[in-house]
Chemist: 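I have a structure here, written as structure tokens, and I will follow up with some questions on it.
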Amino acid sequence: MKNNIYLIIIAALLLSACSKKNDMPSYPPPAKAVIKDSGTIPFKIAPLADNQVQVFLRIDQQPVPSKIILKQDTNTLQTATISKNNNYYSAVINYTFKPGVKYNFKVQAVATSDTIRQFSINNYTHQFVHAFSYKKLLDLKQSLGPKAADLSPSRNYLFITDDVNNVLYTKRLSLKTFAVDVISDKLPSTFVRAASDDELLIYGDKSTANVPQVTIDPGSDRVPLARYDINTQKSTFVDFVSYDYGRISRVVNNHVLVTNPIFEDKTVSLVNLSDLSKVKYSLDNFDFVRINEYSTNHILCANNLINTANGSISTPLNLDQNSGIIDIDNASGYAFVSSAKGTSANDLLTAFSIYKDGSLVYQSAYVHGNQTYFPVIANIKSDILTFYRCFDYNTQVQIDGYYTLNLKTKEIKLIQADSNSTLAVRSDYQFQDGSIISVRADGVYRIAPAN
């Protein structure tokens with residue numbers, strides 16, 4: 001009898017459980033997200049090795065990209081997650097690329113809970129070229145740009161100022177031994193001009209010797225330019241210059257071109273550093289904002305060449321007002337010119353051209369967003385120029401790096417893939433042995449032929 005009661009209870013529980021299971025509502029499986037073709041997307045691309053490439057996407061890209069897929073035709077070859085940096089999104093794809101084969105990328109971004117937007121990067125052919133090897137000679141914490149670095153006239157040293165926690169450290173790098181000396185952490189200047197292996201031009205201060213006594217308006221931009229001896233740590237007066245608006249050339253043939261206080265003196269001076277004699281030019285007919293602050297070969301202003309021997313001004317090239325001479329290479333005679341013009345949509349287009357003996361030998365197209373950096377010192381051999389080129393985000397494959405231009409055949413060829421979206425404008429000094437001293441945002445590098 002007791003066993004029958006247990007059987008009845010067990011049967012009742014089973015019936016109750018079945019009844020509850022049958023009463024539970026059923027849910028349909030979650031819907032699969034729809035992939036929506038959204039066309040092309042602006043990107044930058046950088047081959048890192050024979051089997052590796054990095055794709056950069058803009059930080060303002062919306063919706064936020066999350067995944068990138070490498071494809072050949074319709075075949076999926078590799079998938080990578082897109083990560084965020086402070087300045088960009090990027091992903092590194094590792095794959096054994098085949099020479100001459102065209103690949104495509106699909107960039108996916110989750111737009112809504114049920115929609116994925118898919119963008120295309122088309123017609124990528126992997127080409128990793130590396131003509132150079134790199135060695136970092138000096139680390140920079142916070143670069144102050146090209147104005148805070150200069151090569152000594154002898155080409156033996158590079159002087160550079162680094163901002164470390166708001167303290168300015170001026171250093172001297174030997175280009176023979178690559179030894180680094182810290183010159184000072186107290187120089188009152190954010191720019192550097194090398195007057196010799198042991199002397200700099202800097203802004204003066206109260207310790208500067210031989211400063212003439214003048215009555216200075218509180219609103220004046222007058223500041224002394226001083227010659228600083230790194231051995232004695234003493235500075236002496238050179239001239240009064242404009243602190244807020246002025247330009248200062250590099251030292252060429254022991255001369256420097258400076259802008260005197262704009263609103264008071266209204267002059268530009270060519271100063272002979274040997275005896276501080278000057279040739280003055282009135283601002284009435286001198287466009288001081290176009291003083292070339294980077295050429296180490298010549299003192300230039302716009303399209304004009306300043307003769308350091310007597311201060312005379314000549315015009316070596318017949319250029320329009322939208323073009324300016326970047327430099328003239330003494331060894332080869334080639335002159336580099338940059339040009340700019342606007343469009344009806346207010347876009348700025350830039351181009352460059354190269355002359356020899358007054359005649360045009362190469363003219364690039366006007367483009368938007370592309371930048372060409374000629375070396376501060378060029379090493380042109382057999383009419384082949386090496387220069388750096390970088391590109392803005394675009395929907396076509398363009399690779400940042402070092403290119404050569406054959407000035408006879410007009411062929412431009414990539415020889416070194418070199419792209420890093422965190423680095424700013426660079427200054428390159430090329431030497432006769434084929435090496436390059438490259439000053440970049442994060443440090444100074446020696447770039448030498450790989451073989």
Side-chain angles (χ1 to χ4, degrees), residues 137-138 140-164 166-212 222-244 246-260 269-278 291-299 308 376-377 427 429 437 439 443-444:
L137 304 177
L138 174 64
L140 294 176
K141 299 302 181 184
Q142 184 174 332
S143 170
L144 298 177
K147 289 186 179 182
D150 196 17
L151 208 63
S152 67
S154 69
R155 312 296 195 241
N156 290 329
Y157 293 96
L158 175 77
F159 294 91
I160 192 164
T161 299
D162 187 19
D163 186 341
V164 182
N166 296 321
V167 177
L168 301 181
Y169 290 88
T170 302
K171 302 176 183 180
R172 184 177 65 174
L173 168 66
S174 170
L175 299 182
K176 291 185 175 181
T177 66
F178 307 127
V180 178
D181 298 321
V182 178
I183 294 171
S184 177
D185 61 356
K186 297 179 176 61
L187 294 184
S189 185
T190 56
F191 82 96
V192 167
R193 296 290 185 270
S196 72
D197 287 354
D198 301 299
E199 296 172 300
L200 299 175
L201 296 183
I202 62 171
Y203 289 139
D205 58 11
K206 293 180 179 179
S207 67
T208 301
N210 304 328
V211 179
R222 181 181 298 268
V223 64
L225 179 70
R227 187 169 187 158
Y228 177 79
D229 188 314
I230 66 175
N231 295 315
T232 65
Q233 300 182 16
K234 303 294 184 182
S235 63
T236 56
F237 177 78
V238 172
D239 197 4
F240 283 115
V241 296
S242 171
Y243 179 80
D244 290 326
R247 307 290 191 274
I248 299 175
S249 74
R250 305 286 161 163
V251 175
V252 178
N253 298 330
N254 211 29
H255 287 69
V256 63
L257 187 67
V258 301
T259 308
N260 301 123
S269 294
L270 177 68
V271 183
N272 185 335
L273 295 176
S274 299
D275 56 12
L276 300 188
S277 61
K278 305 171 190 175
I291 291 175
N292 187 315
E293 295 190 283
Y294 305 107
S295 173
T296 61
N297 294 316
H298 303 278
I299 293 184
T308 57
V376 178
I377 298 176
S427 297
Y429 304 88
I437 296 297
V439 181
V444 179

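All heavy atoms count here, side chains included; hydrogens, waters and symmetry mates do not. This is a predicted model, so every value here is computed, not measured.
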Chemist: Going through the distances and angles, do Thr308 and Ile299 end up as a side-chain contact (heavy atoms from CB on, under 4.5 Å)?
Modeler: CA-CA 8 Å; Thr308 57; Ile299 293 184; 3.9 Å; yes
Chemist: Counting C-beta onward and ignoring hydrogens, is there a side-chain heavy-atom pair between Leu273 and Arg227 closer than 4.5 Å?
Modeler: yes
Chemist: Please report the shortest heavy-atom distance between Asn166 and Asp163, naming the atom on each side.
Modeler: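 Looking at all heavy atoms of both residues, the closest pair is N-OD1, 2.9 Å.
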Chemist: Under 3.5 Å, is there a donor on one side chain and an acceptor on the other for Ser242 and Thr259?
Modeler: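 Short answer, no.
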Chemist: Got Leu200 and Arg193 here, is their nearest side-chain heavy-atom distance under 4.5 Å?
Modeler: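 Contact flag for Leu200/Arg193 side chains = no.
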Chemist: Is there side-chain contact between Leu137 and Leu173, with heavy atoms separated by less than 4.5 Å?
Modeler: yes
Chemist: Walk me through whether Lys171 and Ile183 qualify under side-chain contact (heavy atoms from CB on, under 4.5 Å).
Modeler: CA-CA 5 Å; Lys171 302 176 183 180; Ile183 294 171; 6.0 Å; no
Chemist: For Tyr294, give me all partners under ring-ring contact (aromatic ring centres under 6.0 Å, His included), at least two apart in sequence or on another chain.
Modeler: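 Here no residue qualifies.
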Chemist: Just wondering, do Leu225 and Leu201 contact through their side chains at under 4.5 Å, heavy atoms?
Modeler: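 Yes - at least one pair of side-chain heavy atoms lies under 4.5 Å apart.
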Chemist: If only side-chain N and O atoms count, and only distance matters, is there a donor-acceptor pair under 3.5 Å linking Asn260 with Ser269?
Modeler: yes
Chemist: For a side-chain hydrogen bond (donor to acceptor under 3.5 Å, both in side chains) with Ser152, tell me which candidate from Asp198, Thr296, Asp197 qualifies.
Modeler: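 That would be Asp197.
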Chemist: Do Asp205 and Ser207 meet the criterion of a side-chain donor-acceptor pair at a distance under 3.5 Å?
Modeler: yes
Chemist: So do the side chains of Lys278 and Leu270 get within less than 4.5 Å of each other, counting heavy atoms only?
Modeler: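 No; the side chains remain at least 4.5 Å from each other.
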Chemist: Please report the shortest heavy-atom distance between Asn272 and Ser274, naming the atom on each side.
Modeler: OD1-N, 2.9 Å
Chemist: Just checking, is any N or O donor in the side chain of Thr170 or Thr161 under 3.5 Å from an acceptor N or O on the other one?
Modeler: yes
Chemist: Measure the spacing between CG of Asn253 and CG of Asn297 and express it to the nearest 0.5 Å.
Modeler: 10.0 Å
Chemist: Looking only at heavy atoms, what is the nearest atom pair of Ser154 and Asn156, with distance?
Modeler: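 Reported closest heavy-atom pair: OG-ND2, 3.0 Å.
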Chemist: May I ask you to say whether Lys141 pairs ionically with Asp162, meaning some side-chain N is under 4.0 Å from a carboxylate O?
Modeler: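 A salt bridge is absent here (no side-chain N lies under 4.0 Å from a carboxylate O).
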Chemist: Side-chain contact, heavy-atom cut-off 4.5 Å: Ile160 with Val444?
Modeler: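 Side-chain contact under 4.5 Å: yes.
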Chemist: Does any non-hydrogen side-chain atom of Arg155 lie less than 4.5 Å from one of Ile377?
Modeler: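 Of all side-chain heavy-atom pairs linking Arg155 with Ile377, at least one is under 4.5 Å.
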Chemist: Excluding sequence neighbours, so at least two apart, what forms ring-ring contact (aromatic ring centres under 6.0 Å, His included) with Phe191?
Modeler: Tyr203
Chemist: List the atom of Glu293, the atom of Arg250, and the distance in Å for their closest heavy-atom pair.
Modeler: O-NE, 2.6 Å
Chemist: Can you see which heavy atom on Thr190 is nearest to which on Ala148, and at what distance?
Modeler: O-CB, 3.5 Å
Chemist: Start with the C-alpha distance between Leu187 and Tyr228, add both sets of side-chain angles, then the distance that settles side-chain contact (heavy atoms from CB on, under 4.5 Å), and finish with yes or no.
Modeler: CA-CA 9 Å; Leu187 294 184; Tyr228 177 79; 3.6 Å; yes
Chemist: Which pair of non-hydrogen atoms, one from Ala226 and one from Val238, has the smallest distance, and what is that distance?
Modeler: C-CG2, 4.0 Å
Chemist: Could you work out, with ring-ring contact (aromatic ring centres under 6.0 Å, His included) as the rule, every residue matching Phe237, not counting sequence neighbours?
Modeler: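 Partners of Phe237 by the ring-ring contact (aromatic ring centres under 6.0 Å, His included) criterion, ordered by chain and then number, come out as Phe240.
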Chemist: Compare all side-chain heavy atoms of Tyr169 with those of Val167 and state whether any distance is below 4.5 angstrom.
Modeler: yes
Chemist: Quick one: CG on Asn292 to CZ on Arg247, what's the gap to the nearest 0.5 Å?
Modeler: 11.5 Å
Chemist: So Leu151 and Phe159, side-chain contact (heavy atoms from CB on, under 4.5 Å) or not? Walk me through it.
Modeler: CA-CA 6 Å; Leu151 208 63; Phe159 294 91; over 6 Å; no
